[in-house]
2 protein chains.
Amino acid sequence: MGIKAQKSENKPREKRILEATARLLLRYGYDKMTMSDIAEEAGISKGAIYLHYDSKETLVDALITRQSIAYADDIMTLLEQDMDSWSFVTLYQLAMRLIPRYPLLIGLIRNNKNIFGTYFQRTALDMFHLKRRSRPEFLQLMQQAGVIRADLDLKLAAYTLDYMAYGLLTIEDIIPPEEAPPFEDVVNFFGEILEKTFTPPDGGNKEAGKAILMQLIAAYKAQLVAREETSDKE
Amino acid sequence: MGIKAQKSENKPREKRILEATARLLLRYGYDKMTMSDIAEEAGISKGAIYLHYDSKETLVDALITRQSIAYADDIMTLLEQDMDSWSFVTLYQLAMRLIPRYPLLIGLIRNNKNIFGTYFQRTALDMFHLKRRSRPEFLQLMQQAGVIRADLDLKLAAYTLDYMAYGLLTIEDIIPPEEAPPFEDVVNFFGEILEKTFTPPDGGNKEAGKAILMQLIAAYKAQLVAREETSDKE
DNA sequence: ATTTGACCAGAAATAAATAATCGGTCAAAC
DNA sequence: GTTTGACCGATTATTTATTTCTGGTCAAAT
């Protein structure tokens with residue numbers, strides 16, 4: 001494992017391949033998008049793609065990993081900006097506010113067959129951290145730090161966060177976006193709900209909570225980066 | 001319109017047809033379920049079905065209407081029982097608590113193609129009140145009665161109720177039910193969230209709110225019954 | 001008056017044969 | 001060392017012909 005011929009180090013080209021793939025995935029979907037399409041969109045030859053990735057599948061794997069990292073980065077950046085007004089809720093609010101920047105990740109979470117088609121049958125989905133849900137263990141750390149109400153059942157809280165987030169991402173199947181209130185407002189109210197329901201009245205030790213949080217996100221990102229670096233097949 | 005040959009008044013048989021249809025819809029789905037299947041399951045001949053319904057489509061229309069009425073009845077019954085401990089939230093909590101009794105209605109709300117298949121292409125979906133979402137106008141009445149916080153943006157509130165309910169009904173696509181907390185707990189917590197977020201601190205005039213509510217549900221049910229009675233095609 | 005089930009035409013499924021496409025390779029070009 | 005694109009086997013799509021099935025009807029039976 002890992003002694004496969006190493007891949008090209010031509011980073012700019014790699015980036016263009018990934019960007020082309022992202023565009024075409026959204027436009028055509030996994031099954032209709034051909035490797036030739038990608039090459040053309042990226043302005044290179046088909047063979048060049050295989051200088052970077054072993055297969056169509058691993059290419060999409062890499063794209064997803066890349067976007068997950070970017071998403072985590074986005075969240076961390078804005079979390080740091082929000083240093084002063086931070087609460088436990090900020091993380092979830094940011095996660096919702098920023099996810100529209102990554103329609104592919106939305107497609108992943110939603111199991112959008114239009115976008116991913118047979119890719120879902122080929123790849124072990126749960127390898128992606130994204131597919132995993134809010135972990136009660138994480139909430140427990142937050143609770144111990146005092147930024148989540150002590151009397152909250154954490155499995156219930158995690159489940160609630162999950163279905164709210166999922167509902168927010170899928171409700172467009174029922175309500176056309178043009179009938180929806182501004183997304184910004186929806187996310188703000190979402191945060192208000194969490195604040196009123198999950199946060200203890202006194203607010204808890206916000207600094208401690210935030211420290212733990214940043215640590216966890218950094219660990220998560222490190223995990224993603226590690227996967228990106230061992231992207232050669234076994 | 002309406003001068004079509006009137007249908008059989010054999011109510012017990014009608015009921016058995018509808019029950020058979022409900023079972024087979026869930027087992028086979030609309031497209032795989034044949035009229036002969038239904039006849040056999042109901043223990044009658046195929047022709048007998050057409051003594052009650054003009055087509056497969058109107059049969060399913062009728063079934064949905066029937067179940068919608070039953071659902072509304074269930075809610076009203078339990079609302080009346082809850083006379084004393086009532087709050088604005090009770091309605092939504094009951095609606096969620098009772099909906100699992102009506103898997104077909106869940107399928108409708110979710111646009112479950114497994115169950116309804118091509119039926120969705122044939123029928124104007126929005127004829128079903130169920131498909132319509134929380135109406136801000138309804139919330140406005142509740143707000144005027146004082147059982148909803150005065151400072152709440154009602155379009156936002158309606159949208160939030162919608163995506164929460166939708167998320168609750170669809171999250172099983174992501175989280176297998178056996179990993180979920182007891183549904184009863186989830187619904188209770190759902191109610192707690194609404195209570196904390198939507199209800200004014202003083203609780204408002206609950207009697208007034210409840211009176212309006214019962215009136216609206218009765219009107220809704222009357223509308224459904226009316227449709228059931230004019231179920232002959234134009 | 002009711003109820004049935006054989007029957008019909010159109011729709012849908014199946015099968016077979018053929019054509020087109022695509023993921024991936026690698027000798028040749030650069 | 002890099003990059004390319006013609007090429008290959010396998011999968012997938014298209015076409016055509018054939019068969020089966022199904023929603024709906026109605027003359028006959030009850």
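So that the names make sense, note that chain A is the first sequence line, chain B the second, and so on, each numbered from 1. These numbers come from a predicted model, not from an experiment.
If you take OH of A:Tyr53 and P of C:dT25, they are 16 Å apart, rounded to a whole angstrom. In this entry the distance linking NE2 of A:His52 with P of C:dT25 reads 16 Å, nearest Å. Separating the NZ atom of A:Lys56 from the C1' atom of C:dT25 is a distance of 17 Å, rounded to the nearest angstrom.
The cationic atom of A:Lys56 (NZ for Lys, CZ for Arg) lies less than 6.0 Å from the six-membered ring centre of A:Tyr30 and within 45° of the ring axis.
Rounded to the nearest 0.5 Å, atoms CD1 (B:Ile49) and OG (B:Ser55) are 11.5 Å apart. With rounding to the nearest 0.5 Å, the separation of NZ in A:Lys46 from CE in A:Met35 is 8.5 Å. In this structure, CG in A:Leu169 is found 10.0 Å from OH in B:Tyr163, a value given to the nearest 0.5 Å.
Contact footprint of chain B on DNA chain D: nucleotides with an atom under 4.0 Å from a non-hydrogen protein atom, first to last in 5' to 3' order, D:dT22 to D:dT25.
Applying a 4.0 Å cut-off to non-hydrogen atoms, the residues of residues 15-41 of chain A that approach DNA chain C are A:Met33, A:Thr34, A:Met35, listed by residue number.
Each of A:Lys46 and B:Ile44 was assigned the nucleotide of DNA chain C with the nearest heavy atom; the assignment lying further toward the 5' end belongs to B:Ile44.
The side chain to side chain contact (heavy atoms under 4.5 Å, CB included) test with B:Leu98 is passed by exactly one of B:Val187, B:Leu105, B:Asp74: B:Asp74.
Using a 4.5 Å heavy-atom cutoff, the side chains of A:Arg23 and A:Met33 are not in contact.
Under the 3.5 Å distance criterion, with hydrogens and angles disregarded, no donor-acceptor pair is assigned to the side chains of B:Thr58 and B:Asp61.
The side chain of B:Arg13 places an N or O atom within less than 4.0 Å of a non-bridging phosphate oxygen (OP1 or OP2) of C:dT3.
Nearest heavy atoms, B:Phe189 versus A:Thr160: CD2-OG1, 3.1 Å.
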